[in-house]
Protein chains: 2
Amino acid sequence: MTLSEEDYIKTIYHLSDFNSKSVATNAIAEQMKTKPSSVTDMVKKLSEKSLVNYKKYQGVSLSEKGRLVALSIIRKHRLWEVFLVDKLNFSWDEVHVVAEQLEHIKSDTLIDKLDAHLGYPKVDPHGDPIPNKDGVFTKSVKKLISELPVGSQGVCVGVNDSSAAFLKFLDKNKIALGDTFKILEIEEFDGSVTISTRSGSISISKQIATNLFLEIVDEE
Amino acid sequence: MTLSEEDYIKTIYHLSDFNSKSVATNAIAEQMKTKPSSVTDMVKKLSEKSLVNYKKYQGVSLSEKGRLVALSIIRKHRLWEVFLVDKLNFSWDEVHVVAEQLEHIKSDTLIDKLDAHLGYPKVDPHGDPIPNKDGVFTKSVKKLISELPVGSQGVCVGVNDSSAAFLKFLDKNKIALGDTFKILEIEEFDGSVTISTRSGSISISKQIATNLFLEIVDEE
DNA sequence: ACAATTTTTTAGTTTTGTCTAAAATTTATT
DNA sequence: AATAAATTTTAGACAAAACTAAAAAATTGT
Ligand SMILES: [Mn+2]
Ligand SMILES: [Mn+2]
Ligand SMILES: [Mn+2]
Ligand SMILES: [Mn+2]
């Protein structure tokens with residue numbers, strides 16, 4: 001597998017919503033910052049290798065083989081992210097770009113030994129689950145703050161938007177993975193939400209509420 | 001810089017004997033397992049970027065700029081080798097192939113933090129020095145066992161041949177970096193050398209003697 | 001010195017992944 | 001249902017990095 005093929009497979013996986021549903025050529029092109037005609041060429045090639053299911057004008061979906069390739073790349077990406085944060089003291093908003101490169105290093109031994117060295121982590125620094133060698137991972141029952149009713153309580157376990165800008169914003173506002181939040185009030189007018197934290201209660205905008213995942217502890 | 005350009009620069013550096021002397025097209029082709037015509041094409045390209053000095057039919061040498069690029073790649077290669085051995089428990093004969101990939105990861109922050117994490121090592125697992133950020137490194141005064149007279153004593157600090165086969169041979173014969181050896185006898189007939197180790201004295205063939213470096217402690 | 005050999009370069013292809021422009025197909029609108 | 005708009009594919013071209021075959025230059029042997 002070439003680096004480029006791997007990037008296409010990963011993009012198709014993410015756009016198909018972990019659901020192996022059909023993805024549009026234009027969507028892939030936009031995500032990969034390339035042209036639709038280039039996507040068509042590559043999709044044909046991936047189809048030849050039976051990594052994707054493809055019929056002209058019908059969109060593309062990952063085959064089971066392709067899904068396993070995607071999960072193996074995602075496993076590597078997330079393990080490297082854990083390494084960068086836990087061992088090299090990167091902050092969680094810096095690791096993604098470096099992991100984009102490291103995920104393409106080819107060595108099964110390397111990734112096994114890295115996994116062991118990190119103590120077999122289950123999630124990456126953004127709260128996303130790390131698949132095992134066979135592509136199996138536990139999809140946690142997490143919900144966006146914006147989807148929860150007043151009174152819900154849970155542990156912050158992930159972000160929807162993992163851009164450096166958003167992650168920096170969270171750091172500045174002392175919101176971190178592992179924090180426990182309770183929904184105190186939802187403002188109908190603008191969708192902003194008041195939540196309680198250890199250090200008191202704060203109000204977060206609707207935009208923030210739609211980008212933070214809680215793992216529900218208690219739903220009164 | 002592309003991955004391929006980096007590999008050419010590194011090869012030219014090694015073939016020029018760390019000496020910026022002129023290297024033959026055929027030598028590069030052989031080392032890189034490619035054809036001389038491909039080398040000529042690439043050398044022209046590197047010359048355009050003033051990474052090498054090149055005149056038709058005159059061979060090629062690294063410019064100062066090219067030398068610094070080479071040292072930066074070698075720095076990365078050797079730091080990753082230390083990481084693989086010290087942190088991930090690779091054995092020293094397995095690390096080279098993986099480091100060949102890792103050396104191309106582009107992130108200054110990454111390599112700085114890796115260096116710190118490893119405790120700023122001075123040499124890699126094969127005894128080769130690690131250049132600092134500015135390309136400065138201490139060239140140790142090491143000599144091949146085959147070049148030393150009877151009575152010499154020194155610490156084993158490096159290998160000339162770093163193939164997996166040779167490194168495995170050393171492990172099997174309980175020869176490791178850091179061991180102290182003394183030259184007891186040199187057999188004129190076949191060039192084999194008897195050396196004393198902690199565990200007794202052993203005889204090594206001429207071929208081994210020309211591939212092990214000692215840092216001289218005492219030369220009687 | 002000059003012919004033979006070796007080394008190096010040039011010229012012309014190939015493969016991978018990209019692009020633009022145009023054609024084909026599907027989807028949306030009246 | 002017909003037309004307009006958007007999406008997708010095809011056709012043809014290009015840059016990077018490799019190759020083969022042939023030409024040019026340098027080196028070696030007599
Ligand atoms: Mn990431
Ligand atoms: Mn992540
Ligand atoms: Mn090495
Ligand atoms: Mn080494």
Side-chain angles (χ1 to χ4, degrees), chain A residues 1-17 21-63 66 69-70 73 100-101 103-106, chain B residues 1-17 21-63 66 69-70 73 100-101 103-106:
Chain A
M1 295 231 61
T2 69
L3 190 144
S4 194
E5 287 173 342
E6 289 189 350
D7 280 339
Y8 273 96
I9 292 284
K10 200 177 51 149
T11 297
I12 294 168
Y13 177 82
H14 280 125
L15 288 174
S16 70
D17 241 2
K21 75 178 186 205
S22 181
V23 176
T25 303
N26 268 2
I28 300 170
E30 192 180 355
Q31 184 72 29
M32 307 236 351
K33 285 167 184 167
T34 180
K35 302 291 163 179
S37 53
S38 306
V39 174
T40 301
D41 285 347
M42 179 57 87
V43 158
K44 280 179 181 168
K45 200 173 127 197
L46 296 175
S47 181
E48 282 299 308
K49 299 189 176 188
S50 49
L51 290 160
V52 299
N53 308 117
Y54 171 64
K55 261 182 286 178
K56 269 194 200 182
Y57 295 102
Q58 301 295 122
V60 65
S61 64
L62 290 184
S63 68
V69 168
I73 301 164
E100 287 290 315
Q101 293 180 67
E103 71 189 4
H104 300 291
I105 302 289
K106 278 157 193 63
Chain B
M1 295 229 63
T2 69
L3 190 144
S4 193
E5 288 173 342
E6 289 188 350
D7 280 339
Y8 273 95
I9 291 285
K10 201 176 51 149
T11 297
I12 294 168
Y13 178 81
H14 281 125
L15 288 174
S16 69
D17 241 3
K21 75 180 184 203
S22 181
V23 176
T25 303
N26 268 2
I28 299 170
E30 193 181 352
Q31 184 72 28
M32 308 238 345
K33 285 168 185 165
T34 180
K35 303 290 164 181
S37 52
S38 307
V39 173
T40 301
D41 285 347
M42 179 57 88
V43 157
K44 280 179 181 168
K45 200 172 125 195
L46 296 174
S47 181
E48 283 299 309
K49 299 189 176 188
S50 49
L51 290 160
V52 299
N53 308 116
Y54 170 64
K55 260 183 287 179
K56 268 193 199 181
Y57 295 102
Q58 301 296 121
V60 63
S61 64
L62 290 184
S63 68
V69 169
I73 301 164
E100 286 290 314
Q101 293 180 66
E103 70 189 4
H104 300 291
I105 302 289
K106 278 159 194 60

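Naming convention: chains lettered A, B, ... in sequence-line order (proteins, then strands); numbering from 1 in each chain. Computation of the quantities below employed the complete heavy-atom set of this structure, encompassing side-chain atoms and omitting hydrogens, waters and symmetry-equivalent molecules. Keep in mind that this is a model prediction, so the values were computed, not measured.
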Handout entry: A/Ser37 (side chain) and C/dT18 (base): donor-acceptor pair under 3.5 Å
Key = no
Problem - Check: A/Ser47 side chain, A/Asn53 main-chain N or O, donor-acceptor pair, under 3.5 Å - result: no
Handout entry: Per A/Ser38 side chain, nearest of listed nucleotides D/dT20, C/dT8, C/dT18
Key = C/dT18
Completion exercise
Of C/dA24, C/dT8, D/dT10, the nucleotide closest to the side chain of A/Tyr57 is C/dA24
Handout entry: Check: A/Lys33 side chain, A/Gln31 main-chain N or O, donor-acceptor pair, under 3.5 Å
Key = no
Handout entry: Minimum-distance nucleotide (side-chain atoms of A/Thr25 versus C/dC19, D/dT9, D/dC19)
Key = D/dT9
Handout entry: Rounded distance (Å) that lies between atom C1' of D/dT9 and atom CG of A/Asp41
Key = 9 Å
Exercise for the section: Starting from P on C/dT16, measure out to CG on A/Leu46 and report it in whole angstrom. Expected result: 13 Å
Exercise for the section: Establish, with yes or no, whether the OP1 or OP2 oxygen of C/dT16 is under 4.0 angstrom from a side-chain nitrogen or oxygen of A/Tyr8. Expected result: no
Exercise for the section: Answer yes or no: are there more than 12 heavy-atom neighbours, outside A/Glu30 itself, under 6.0 Å from its atom CD? Expected result: no
Exercise for the section: Check whether any side-chain N or O of B/Ser4 sits under 4.0 Å from OP1 or OP2 of D/dA16, and answer yes or no. Expected result: no
Handout entry: Phosphate OP1/OP2 of D/dT10: any A/Lys44 side-chain N/O under 4.0 Å
Key = yes
Fill in the blank from the handout: By nearest-nucleotide position on DNA chain C, the 5'-leaning member of B/Gln58 and A/Leu3 is B/Gln58
Fill in the blank from the handout: To the nearest angstrom, the CE-P distance between A/Met42 and C/dT16 comes to 10 Å
Exercise for the section: Report the nucleotide, chosen from C/dT9, C/dT20, D/dT8, that has the shortest atom-to-atom distance to any side-chain atom of A/Lys35. Expected result: C/dT20
Fill in the blank from the handout: Taking D/dT9, D/dT8, C/dT18 as options, the one with an atom nearest any side-chain atom of A/Asn26 is D/dT8
Exercise for the section: Find the distance A/Ile28:CD1 to D/dT8:P and express it as a whole number of Å. Expected result: 9 Å
Exercise for the section: Please determine if a side-chain N or O atom of B/Lys56 lies less than 4.0 Å away from the OP1 or OP2 oxygen of D/dA26. Expected result: no
Problem - Atom-pair distance (CD on B/Glu30; C1' on C/dT6), nearest Å - result: 14 Å
Problem - Any donor-acceptor N/O pair, B/Ser63 side chain to B/Leu51 backbone, under 3.5 Å - result: yes
Exercise for the section: Could you tell me the separation between the CD atom of A/Glu5 and the P atom of C/dT18, rounded to a whole number of Å? Expected result: 10 Å
Problem - Under 3.5 Å donor-acceptor, B/Thr25 side chain and B/Val39 backbone - result: no
